[in-house]
Amino acid sequence: MVKVRGGAAVAVAAVLTLGLAGCGGGDDGKPEEPKKSAEAKPQNGASQTPVPSGSTSPEPTQVLATVNGEAGMTLVINKAARDGGGFLTVEGQFKNNGSAPYVNTAPWRGNELNASGVSVAGVTLVDKLGKKRYYVLRDTDGRCLCTTGLNIIETGQTVPFFAQFPAPPNTTAEVELSLPTFATATIKISG
């Protein structure tokens with residue numbers, strides 16, 4: 001027999017108690033079914049999908065613009081919002097709806113030399129009322145604050161898109177977004 005002393009005896013007893021408590025179940029050998037929460041059942045008796053813990057009700061994805069590009073590419077813009085620091089962030093997603101095996105994204109980086117490599121650094125915003133063009137912001141190393149690393153997009157693939165710009169004046173409610181090989185899209189700014 002092994003002798004157990006002081007704190008070790010308490011620890012062994014705690015582990016055994018927890019282990020035995022986890023072994024409880026029905027007397028018939030079948031596992032117990034999880035109990036349903038009263039909160040998940042609405043009062044009218046209709047079924048309801050519970051919202052995952054830690055989140056609020058899901059927000060619908062807003063579509064500000066859908067722009068068609070070459071070779072079956074589509075760019076959907078879901079957000080154009082001013083940030084507290086004086087920036088405008090545009091977000092969305094690319095979708096390759098074409099029939100070719102992939103689309104080469106190299107033209108999207110624009111004409112300027114940059115440290116971003118294959119990216120969407122060629123995207124610009126135009127404030128027609130303010131008569132001003134906005135280019136994608138850069139970090140201190142010259143890399144764009146935008147989607148990078150896009151060499152190809154395969155058929156059927158969806159890829160996230162984002163680009164950050166200096167924010168136009170608060171009086172500007174909409175801007176035109178241009179990306180090489182895509183049509184121009186007018187998008188409304190929120191915030």
Side-chain angles (χ1 to χ4, degrees), residues 49-98 102-191:
T49 304
V51 176
S53 63
S55 68
T56 58
S57 61
E59 292 183 30
T61 303
Q62 184 179 18
V63 175
L64 300 177
T66 301
V67 190
N68 293 322
E70 292 179 353
M73 286 300 303
T74 303
L75 171 59
V76 176
I77 304 297
N78 302 111
K79 177 182 173 186
R82 286 185 170 88
D83 298 333
F87 308 114
L88 177 71
T89 302
V90 179
E91 297 177 2
Q93 53 190 290
F94 291 109
K95 171 86 177 189
N96 183 350
N97 299 307
Y102 64 88
V103 169
N104 182 351
T105 63
W108 301 350
R109 71 180 129 194
N111 293 329
E112 65 181 290
L113 296 174
N114 63 65
S116 302
V118 182
S119 66
V120 296
V123 65
T124 60
L125 296 179
V126 174
D127 174 3
K128 288 180 99 175
L129 294 176
K131 298 180 181 176
K132 192 167 185 180
R133 180 181 303 270
Y134 295 91
Y135 294 92
V136 175
L137 291 170
R138 308 287 175 168
D139 67 13
T140 55
D141 292 325
R143 292 183 300 254
C144 74
L145 300 180
C146 66
T147 304
T148 60
L150 295 175
N151 291 320
I152 61 171
I153 299 178
E154 296 175 355
T155 300
Q157 187 177 14
T158 300
V159 178
F161 161 85
F162 95 95
Q164 196 169 48
F165 302 88
N170 289 337
T171 55
T172 301
E174 63 182 31
V175 289
E176 288 186 349
L177 181 135
S178 296
L179 179 65
T181 74
F182 284 85
T184 300
T186 301
I187 55 175
K188 291 192 183 293
I189 300 173
S190 65

Residues in salt bridge (Lys or Arg N to Asp or Glu O under 4.0 Å) contact with E176, at least two apart in sequence or another chain: K128
T155: partners by side-chain contact (heavy atoms from CB on, under 4.5 Å), with sequence neighbours left out: N96
Point-to-point distance, once rounded to the nearest 0.5 Å, from CD of Q157 to CD of Q93: 11.5 Å
Residues forming a side-chain contact (heavy atoms from CB on, under 4.5 Å) with A80, sequence neighbours excluded: L64, V90, I187
Pairing residues for N151 by the side-chain hydrogen bond (donor to acceptor under 3.5 Å, both in side chains) criterion, not counting sequence neighbours: none
Partners meeting side-chain hydrogen bond (donor to acceptor under 3.5 Å, both in side chains) with N104 (sequence neighbours left out): none
Any residue meeting salt bridge (Lys or Arg N to Asp or Glu O under 4.0 Å) with E70, in chain and number order, not counting sequence neighbours: none
Counterpart residues, ring-ring contact (aromatic ring centres under 6.0 Å, His included), relative to F182 (two or more places apart): F94, W108
Any T171 side-chain heavy atom under 4.5 Å of L129 side chain: no
Any D127 side-chain heavy atom under 4.5 Å of P169 side chain: yes
With D139 via side-chain contact (heavy atoms from CB on, under 4.5 Å) - residues at least two apart: D141, R143, L145
Qualifying salt bridge (charged side-chain N to carboxylate O under 4.0 Å, His left out) pairs, either residue in residues 177-191, two or more places apart: E174-K188
Those residues that, when tested against P160, pass side-chain contact (heavy atoms from CB on, under 4.5 Å) (two or more places apart): none
Counterpart residues, salt bridge (Lys or Arg N to Asp or Glu O under 4.0 Å), relative to K132 (two or more places apart): none
Side-chain donor/acceptor of R109 to backbone N/O of T148, under 3.5 Å: no
Spatial distance of atom CG (L125) from atom CD1 (I189) [nearest 0.5 Å]: 7.5 Å
Pairs meeting criterion salt bridge (charged side-chain N to carboxylate O under 4.0 Å, His left out) with involvement of residues 149-162, two or more places apart: none
From CA spacing to verdict: side chain to side chain contact (heavy atoms under 4.5 Å, CB included), I153, Y102: CA-CA 5 Å; I153 299 178; Y102 64 88; over 6 Å; no
Main-chain N/O of Y135 paired with T124 side-chain donor or acceptor, under 3.5 Å: no
